[in-house]
Asks: 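If you scroll down you'll find the structure; I have some questions about it.
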Amino acid sequence: MKKILSLMALAMVLSGCADSYGSGPIRIGAILPISGRIAEYGKQTRDAAILAVEEINAAGGILGRQVELIVEDDEADPVKTANAFTKLVERDKISALMGALTSNCSLAITNLAMSEKIPMVSPTSTNDKVTLAGEYVFRACYIDSFQGQVVANYAVDTLKARRAAILYDLANDYSKGLFENFKKVFEARGGTVVAESYNTGDKDFNAQITSIRGFNPDVIFLPDYYSAVALIAEQIRNQGIRVPLLGADGWDEVAGKADTWMMPAFYSNHYSPESQDPDVVKFIAAYKARFGVEPNALAALGYDATRIILQAIKAAGSAQPTEIQKALVNVSGKFVTGNISFDANRNPIKSAVMVEIVQGTSGLTTRYAGTVNP
Amino acid sequence: MTFFAQLLQQIVNGLALGSIYALISLGYTMVYGIVRLINFAHGDLLTIGAFIAYFCLVALGITPLTLTIAILLAMAVTPLFGYALERFAYRPLRDAPRINSLITAIGASILIENGLRVVPFIGTEFRRFPTMTTAQWILMQSTDEFGQLIKVTISQTQLLVFFVAALLMGVLVLIVDRTKTGKAMRATSFDMKAAALMGINVNRIVSFTFLLGSSLAAAAGVLFALSYPQIEPYMGIMPGLKAFVAAVLGGIGSIPGAMLGGLILGLAETLTKGFISSQLSDAVVFLILIVILMFRPSGLLGKAVKEKV
């Protein structure tokens, strides 16, 4: 009798599982920093994901089912990311995850994604280590060893820099990875590098900047997210250092947080909104019509990451996470941020653009300054 | 840059940071001196002050005049929150065991921080605080052996921080040492029951202390926001914590001690970051605290009070 009961219970559990993936709307989770220091990124990425899901639902959904997006806020805090992941998997029974946004947060859940067998596609985590956890972890962006190389080469070739100072966040994998990759390439090309560091959330950088000032750099590389960068840049200019500032994709949105003192400044990014590519034009128009603002690069990647997942679900013909994973490996096509197909480590191979911060009609804006192919 | 010039520059940086810590730690020390309560919500009053100044500056634009108005407005409005905190959170518990007030203080702090996050016009986003210019003055200038120009500079913001902090600390010392209310504050701090028996309205004095402390916290908040121009509801936590350490370092309950503690803390933090390692800066700060408390358990300028049995 006991055995029959437990078998029945097991059957109920199993059918419960099958139900959650096999009928009703297909649920996709998203873990993004909707509040906190990089809320601009989380909100735009979320909106882009909403747009992608709304578009597919308007076209009849996939596999004859509607798609439901469940968004959780991680405040860019790895602990909260892990909690949100558990909630999405245990309670919401998601088929796949779009996220997390920052490398730090993604690294906090890659092992969970592996053990729970939930495919995750990070829109924007560029740190090299993110996808190394295993076959369930994908991303829609290029990686930092490429990005660091792009920025270092730009410093040497275009800005003719010989001496570079780097100020990075040693508690942040994204910042640290970029620092290492930039330093490697810049030194290999004959340059001299001096590096100073700080901790996430620090506000006073005057001590480190004074040390950097003593080094007389030609450029200063600031591999961090826009809100920290705006703070650091202003303190650099306050100490009378006027050399060009360099950054990476974490700088997207910095133009809105700074003023003319920021210039000259350059950074690498995932796409340029000035592009005339029909997919880009179409995406920008749709996003603007829906949300009233121009999408940043994070939004473009969020849109692409969501569409990669949707495409994989369609190709898999199933909402089972393990089936989606198998289909994700073979995703290939042209997306807003370029052609995407995954290499052996589930990283897309794609190009980067350099942009310059310039004075616009109202405040600062960015100008396209070149494309670099891998 | 020569080592000496770099050292001087780091000292300027450290003193600017330290004078903000000093200004905040005054509020901790005054409140502790009178009601023996560590007001953990003090750092959040700094946040409120910074937000008041922010809305004022956004509405008026930033000029020296509007900045003065913003500082004064923040110093005038923030104390209302400080008063409410005292009146509704701490006063009902004044005769309860001290641990109850302490827990209430932590609760009040969490309430303010998260309360601000849900207020629609404040929210969770990081806002850029308006700043004037990135202008700076050269304090010292020469050339090194390679013909490189070496300068020791002070930014306009740093100068403003020194000036306002010194002015406010001067005014505070005058109030405490030279006025009748100040005398009543000192008496209440010495012995609350005896002061009450002597006809001092203790409740009024405690409220006044909170008003004064919150006003200084608000000014510190504006200076902090000007120096590190980014504000959000959690911005007061770290400076609040550091200022608390400064107050303990200087001798909690002692006003000159809080000022000294703040300056030492700012200098230690900056010099460690500049010459040793930014990873170690907090470790060094707390090491200094431990060493000082080992040799002087009541802090640098604190009075050792013998417990009467």
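Sequence lines set the chain letters: A, B, ... in the order given, protein chains first and strands last, and positions in each chain run from 1. Keep in mind that this is a model prediction, so the values were computed, not measured.
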Asks: Given a strict heavy-atom distance threshold of 4.5 Å, which part of A/Ala258 is in contact with chain B: side chain, backbone, both, or neither?
Replies: backbone
Asks: Provide the closest heavy-atom pair for A/Cys105 versus A/Ala76 in the form atom of the first, atom of the second, distance.
Replies: SG-C, 3.5 Å
Asks: Ignoring hydrogens and angles, state whether a donor on the side chain of A/Asp173 or A/Ser103 is under 3.5 Å from an acceptor on the partner side chain.
Replies: no
Asks: Would you say the side chains of B/Thr78 and B/Ser214 form a donor-acceptor pair under 3.5 Å?
Replies: no
Asks: Is there a donor in the side chain of A/Gln239 and an acceptor in the side chain of B/Thr153, or the other way round, less than 3.5 Å apart?
Replies: no
Asks: Using the ring pair (Phe, Tyr, Trp, His ring centres under 6.0 Å) criterion, which residues pair with B/Phe55? Sequence neighbours excluded.
Replies: B/Phe121
Asks: Using only atom types and a distance under 3.5 Å, with no angle test, would you say the side chain of A/Arg46 pairs donor to acceptor with the backbone of A/Leu32?
Replies: no
Asks: Using only non-hydrogen atoms and a strict under-4.5 angstrom cutoff, which residues of residues 283-290 of chain B touch chain A?
Replies: none
Asks: Assess, by modelled atom type and distance only, whether the side chains of B/Gln158 and B/Asn13 contain a donor and an acceptor separated by less than 3.5 Å.
Replies: yes
Asks: If you count heavy-atom pairs within less than 4.5 Å of chain A, which of B/Arg117, B/Met238, B/Met235 leads?
Replies: B/Arg117
Asks: Is any NZ, NE, NH1 or NH2 atom of the basic residue among A/Glu253 and A/Lys43 found under 4.0 Å from an Asp or Glu carboxylate oxygen of the other?
Replies: no
Asks: Who among A/Ile34, A/Asn206, A/Asp259 has the most heavy-atom pairs with chain B under 4.5 Å?
Replies: A/Asn206
Asks: Let me know if B/Phe224 has heavy atoms under 4.5 Å from chain A in its side chain, its backbone, both or neither.
Replies: side chain
Asks: Is it true that B/Lys242 and B/Asp282 have a side-chain N and a carboxylate O under 4.0 angstrom from each other?
Replies: yes
Asks: Okay, side chain of A/Gln208, backbone of A/Ser197: is any donor-acceptor separation there less than 3.5 Å?
Replies: yes
Asks: Looking only at heavy atoms, which of residues 217-232 of chain A get nearer than 4.5 Å to chain B?
Replies: A/Ser227, A/Ala228, A/Leu231
Asks: Looking at B/Lys273 and B/Glu269, is any side-chain nitrogen of the basic one under 4.0 Å from a carboxylate oxygen of the acidic one?
Replies: yes
Asks: Taking all heavy atoms of A/Phe186 and all of A/Val193, pick out the closest pair and write down the distance.
Replies: CD2-CG2, 3.5 Å
Asks: Assess the side chains of A/Asp47 and A/Gln44: does a donor N or O sit below 3.5 Å from an acceptor N or O?
Replies: no
Asks: Roughly how far, to the nearest 0.5 Å, is CG of A/Asp252 from CG of A/Asn269?
Replies: 4.5 Å
Asks: Only heavy atoms, only distances under 4.5 angstrom. Which residues in residues 226-234 of chain B are near chain A?
Replies: B/Ser227, B/Tyr228, B/Pro229, B/Gln230, B/Glu232
Asks: Which pair of heavy atoms, one from A/Ile109 and one from A/Ala100, lies closest together, and at what distance?
Replies: CD1-N, 4.2 Å
